[in-house]
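Following: one structure in structure tokens, then a few remarks.
Bear in mind that the values here come from a model prediction, so they are computed numbers and not experimental data. Chain letters run A, B, ... following the sequence lines, proteins first, then strands; residues in each count from 1.
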Amino acid sequence: MSLIKIMKTFKIENEPKIKSGFIIPENYFDHLTENIMQKITKEDTKVISLFSTRISWIYAAAAVIVLGLIIPIYNDFNSNFTENDEVILENYIANKSDISDTDIASLLDEEDIQKMNVDMGLEEKSIENELLTNPNLEQYITN
Amino acid sequence: MLQEKEFIKELLNPKTQNQAFKKLLKEYQKPLYNHIRTIVLNHDDTDDVLQNTFVKVFKYLNKFKGESKLFSWMYRIATNEALTFLNIKGKINGISSETLQKKTIDNLKADIYFDGDEIQFKLQRAIASLPKKQQLVFKMKYFEELKYEEISEILGTSVGGLKASYYHAVKKIEAFVTIN
């Protein structure tokens, strides 16, 4: 039998309709509306909260405390600003919880990713040394 | 059309907004789910993208000018969200979105939410070999069974252009499936 005979020409219109084959988990849509409404109200309150009437004396007291804490820090921060610029930025990214990996990744281009793939060629000993001499590293690792 | 205008008013009025939005969700969650699923392929990612899509729809409702239909506007947001999602997912994994798509198709065999035989896998692989625009047009026409006029409103391409895209897509898919 020749190869051509075995190979049947495929024609979409001659075939019965091919379904996508995707299955939706049972009850998926039952919870979807709820989930989305929750997300929306969350976003909403984020925007409104500052101006809402719910500002009570607790918020006022908290604001005073925060201000009291911030003023000395701010003064200190200002005087060291230029030299600590990078450290502050890194800490900000590391601790700011509403910046997701996805957000950061969306700012990177191919070149950045290439750069990240650099093989550091570190020996275990040198890592140990680095860890001993640089206590700040622990923070990066645990994050 | 008048009905839609009324509905949009309800969506924008803070008093009726929640009820109206629930109605919108009920009507569009299934078609938009299917639309996103044909693009991102697995259920969990679809769930993410679908939720983000509706959150964005809600957020930008007041910017919706009513120049296009609510239907095509939402499909447009969903399409953009799905394509952006794939680009970012590829980036995080250090691969192109084409490679990601091929990988995801290979993973379909183990996916409990995919029930496909050999021809369905072949069809998915054939679709993945097409240029991006032809992929979208084929999926929207063949799987989602949207009308050319509707696809035209969503993608902003003329009906003639879409018919040509679909025709080319079908030819390439048939050749692919015949050979493989």
Side-chain angles (χ1 to χ4, degrees), chain A residues 3-48 51-52 98-119, chain B residues 17-18 21-22 25-26 29-30 33-34 37-38 41-44 46-47 50-55 57-59 84-85 87-94 96 108 111-117 119-124 126 138-139 142-145 169-171 173-180:
Chain A
L3 192 67
I4 296 170
K5 265 191 184 165
I6 301 167
M7 230 161 60
K8 205 179 108 206
T9 316
F10 175 78
K11 283 259 172 234
I12 277 192
E13 55 191 36
N14 297 341
E15 296 286 323
K17 176 103 187 177
I18 303 169
K19 292 212 173 93
S20 69
F22 297 130
I23 300 168
I24 305 172
E26 221 180 309
N27 305 330
Y28 168 67
F29 289 115
D30 295 352
H31 308 291
L32 185 72
T33 308
E34 209 177 300
N35 287 346
I36 291 171
M37 291 312 282
Q38 250 175 19
K39 273 195 180 175
I40 288 166
T41 35
K42 217 168 136 195
E43 292 244 331
D44 246 14
T45 42
K46 254 190 214 163
V47 181
I48 302 163
F51 303 100
S52 74
D98 56 349
I99 298 179
S100 68
D101 289 349
T102 316
D103 290 329
I104 296 173
S106 68
L107 294 173
L108 302 175
D109 55 28
E110 295 302 322
E111 212 183 309
D112 295 322
I113 291 163
Q114 283 302 320
K115 278 185 196 156
M116 280 184 215
N117 282 333
V118 173
D119 178 16
Chain B
Q17 192 170 50
N18 268 14
F21 196 73
K22 274 186 188 159
L25 270 168
K26 210 169 175 198
Q29 57 188 12
K30 268 197 186 146
Y33 177 95
N34 288 331
R37 183 81 186 262
T38 59
L41 302 171
N42 79 47
H43 168 73
D44 288 339
T46 306
D47 180 36
L50 183 62
Q51 294 202 22
N52 286 344
T53 299
F54 276 117
V55 171
V57 165
F58 186 82
K59 215 167 153 185
T84 313
F85 174 87
N87 280 337
I88 293 174
K89 194 178 176 189
K91 243 184 217 177
I92 289 174
N93 292 299
S96 69
L108 279 180
D111 192 335
I112 53 165
Y113 296 127
F114 181 76
D115 177 29
D117 51 25
I119 186 72
Q120 281 160 314
F121 279 113
K122 256 187 209 169
L123 184 58
Q124 284 296 340
F138 181 82
K139 286 168 175 177
Y142 188 77
F143 289 134
E144 299 172 48
E145 298 180 343
V170 167
K171 287 287 150 227
I173 287 170
E174 286 174 346
F176 184 99
V177 174
T178 305
I179 298 167
N180 287 281

Contacting region of B/Leu41 [heavy-atom separation from chain A under 4.5 Å]: both
Sort B/Asn34 into side chain, backbone, both or neither according to what part of it lies under 4.5 angstrom from a heavy atom of chain A. side chain
Do you know which of B/Asp47, B/Leu108, B/Thr46, B/Thr84 has the most heavy-atom pairs under 4.5 Å to chain A? B/Asp47
Heavy-atom contact with chain A under 4.5 Å, split by part of B/Gln124: side chain
Aromatic ring centroids of B/Phe143 and A/Phe22 under 6.0 Å? no
Hey, can you tell me if B/Tyr33 and A/Phe29 have their rings parallel, tilted or perpendicular (30° and 60° cut-offs)? perpendicular
Toward chain A, the part of B/Phe85 with a non-hydrogen atom under 4.5 Å: neither
Among B/Lys171, B/Lys89, B/Glu145, which residue has the highest count of heavy-atom pairs closer than 4.5 Å to chain A? B/Glu145
Salt bridge (charged side-chain N to carboxylate O under 4.0 Å, His left out) contacts touching residues 23-33 of chain A (sequence neighbours left out): none
Does any backbone or side-chain atom of B/Asn87 lie under 4.5 Å from a heavy atom of chain A? Answer side chain, backbone, both or neither. neither
Backbone of A/Ile18 reached by a side-chain donor or acceptor of B/Tyr142 within 3.5 Å: yes
All salt bridge (Lys or Arg N to Asp or Glu O under 4.0 Å) counterparts of B/Lys30, not counting sequence neighbours: none
Exceeds 12 heavy-atom contacts within 6.0 angstrom, atom NZ of A/Lys19: no
